[in-house]
Protein chains: 2
Amino acid sequence: MGGANKPTSKREGMRRETLALILATAERHFADHGFKGATMQAIADEAKLPKANLHYYFPTKLELYRQVVERIFNIWLDAAESFDTQANPEQALGTYIRKKMEISRSHPYGSKVWANEVIHGAPIIHDYLETTLREWTDSRIEVITRWAAEGLIDPVNPRHLLYMIWSTTQHYADFSHQISTLNGGVPFNDAQWAQATECVTNIILKGIGVKRGDPG
Amino acid sequence: MGGANKPTSKREGMRRETLALILATAERHFADHGFKGATMQAIADEAKLPKANLHYYFPTKLELYRQVVERIFNIWLDAAESFDTQANPEQALGTYIRKKMEISRSHPYGSKVWANEVIHGAPIIHDYLETTLREWTDSRIEVITRWAAEGLIDPVNPRHLLYMIWSTTQHYADFSHQISTLNGGVPFNDAQWAQATECVTNIILKGIGVKRGDPG
DNA sequence: AATTGTTTTGACCAACTGGTCAGGTTGAAG
DNA sequence: CTTCAACCTGACCAGTTGGTCAAAACAATT
């Protein structure tokens with residue numbers, strides 16, 4: 001749209017592709033084996049690149065990991081924005097829950113990396129938690145508190161409501177192995193994802209006494 | 001009680017103590033760093049034992065890890081039993097949720113190790129998932145289905161209800177770093193744990209339309 | 001065609017880590 | 001006191017892994 005973009009040269013294009021390939025492959029490996037368990041060699045092999053090439057684009061393993069985590073955080077931000085503070089509880093929370101379920105389905109590896117990171121004390125993302133996440137959380141707590149004061153929902157502790165939404169939705173990504181095992185060894189299909197989303201949304205919204213738009 | 005127990009010799013006592021010390025220390029390290037990230041040397045150092053001594057009691061790192069996981073599974077079984085299939089929904093689910101919250105508080109490291117294991121594809125516990133966990137889950141699904149049929153709760157999908165209970169309660173252990181960060185950097189105190197438990201129980205029970213024993 | 005900066009790569013290294021082992025120590029039993 | 005098995009430990013080893021480097025291949029520019 002805006003400026004006069006130089007026509008992407010062959011070099012630039014390849015660079016972009018290689019970077020994306022490495023990041024995607026690394027994400028899977030970090031998700032499946034953890035930071036220490038994932039090896040540069042294994043990532044390189046799967047990406048069909050020599051290991052030295054990885055170090056050309058990402059000087060250290062930690063730097064590669066950082067960028068993987070950063071990508072994930074942006075996805076999280078994307079979902080965060082869908083929590084519309086202007087909407088009514090049913091719409092704001094419903095949309096947010098649905099969005100989080102979609103992310104659990106479309107970015108299971110990212111979710112696992114994030115979970116791993118938090119479980120192990122969040123050494124890398126600690127700053128995000130203290131700044132961006134905390135601000136977002138505080139602002140939503142305010143909104144939820146207002147809803148409760150206005151009688152639109154029960155007077156629940158907003159913090160625990162948010163934790164419930166986070167844990168329940170992310171569970172479908174983070175614990176996918178357990179879930180598919182209990183699902184006869186196969187992952188959820190479209191219908192099952194839809195049902196999970198509906199079920200989670202319904203229980204939570206009813207659980208906090210949301211006044212539904214369509215009482216039937 | 002039973003047979004004629006030989007009076008525990010000094011040897012036996014020391015052995016028990018050492019085993020317990022190693023297992024407890026290892027649990028923390030596996031929780032904080034993952035299987036690969038935890039090192040025998042670090043575990044030995046914290047337990048103030050020479051590394052070779054660890055290998056005397058646990059021939060390999062994998063064997064040590066297995067026994068850590070096994071202990072955790074027994075704790076899980078303990079909670080599982082508290083889901084009384086004879087009781088009414090409010091009591092059965094309420095007791096179960098409360099028990100799980102207690103475990104999240106008393107065994108945060110164990111919960112983290114378990115989460116880690118599942119996130120990474122459950123290589124060690126896969127058998128448990130397919131046998132014990134599946135059987136338990138199936139039996140509870142039956143009970144919940146019956147409750148729904150009898151009109152004691154809404155016709156929710158029992159599977160998702162169980163997932164919600166698991167994820168919500170375990171979240172307080174697995175994501176404790178995130179939670180304490182959002183709690184001003186300090187872990188929950190007694191009152192906060194009590195409120196979390198109550199809040200989670202209330203939302204879930206109300207969310208599935210449990211007919212409460214005491215309607216007020 | 002020559003030049004220049006970027007990218008690619010095989011070979012290599014130092015640090016770390018799980019595991020071994022031989023020899024020493026200790027508690028219990030006779 | 002002697003004997004013996006259980007227990008403890010410092011020193012060591014082999015395999016793995018993150019990271020380096022010099023040289024080669026390559027794309028763009030003049």
What is the per-nucleotide protein-contact pattern of nucleotides 9-14 of chain D, from the 5' end, where B denotes a base atom under 4.0 Å from a protein heavy atom, S denotes such proximity for sugar-phosphate atoms only, and - denotes neither? BB----
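- A distance-only check finds no donor-acceptor pair linking the side chain of Thr95(A) to the backbone of Ser82(A) [under 3.5 Å].
- At the heavy-atom level, Ala38(B) lies under 4.0 Å from the strands shown only through sugar-phosphate atoms.
- Between Arg16(A) atom CZ and dT6(C) atom P the separation is 17 Å, expressed in whole Å.
- Phe58(B) has its CZ atom 16 Å from the C1' atom of dG18(C), to the nearest Å.
- Ionic pairing of Lys100(B) and Asp78(B) is not present here: no N-O contact between side-chain nitrogen and carboxylate oxygen is shorter than 4.0 angstrom.
- For His29(B) and Phe35(B), the distance between ring centers is not under 6.0 angstrom.
- Protein atom NE2 of His55(A) is 16 Å distant from nucleotide atom C1' of dT7(C), rounded to whole Å.
- Using modelled atom types and a 3.5 Å distance limit, the side chains of Asp45(B) and Gln41(B) yield a donor-acceptor pair.
- A sub-4.0 Å separation between OP1 or OP2 of dT7(C) and a side-chain N or O of Arg15(A) is present.
- Using a 4.0 Å cut-off between charged side-chain N and carboxylate O, Asp190(B) and Arg105(B) make a salt bridge.
- Rounded to whole angstrom, the span from the CG atom of Leu62(B) across to the P atom of dG18(C) amounts to 12 Å.
- Under the 3.5 Å distance criterion, with hydrogens and angles disregarded, a donor-acceptor pair is assigned to the side chains of Ser176(B) and Lys112(B).
- With rounding to whole Å, Met14(B) atom CE is found 12 Å from dT26(C) atom P.
- A donor N or O paired with an acceptor N or O is found under 3.5 Å between the base of dT26(C) and the side-chain atoms of Arg11(B).
- The backbone N or O of Arg159(A) lies less than 3.5 Å from a partner atom in the side chain of Asn157(A), making a donor-acceptor pair.
- Between Lys61(B) atom NZ and dT16(D) atom C1' the separation is 12 Å, expressed in whole Å.
- Computed from coordinates, the Met40(A) CE to dC13(C) P distance equals 21 Å when rounded to whole Å.
- As rounded to whole Å, 12 Å separates atom C1' of dA6(D) from atom CD of Glu12(B).
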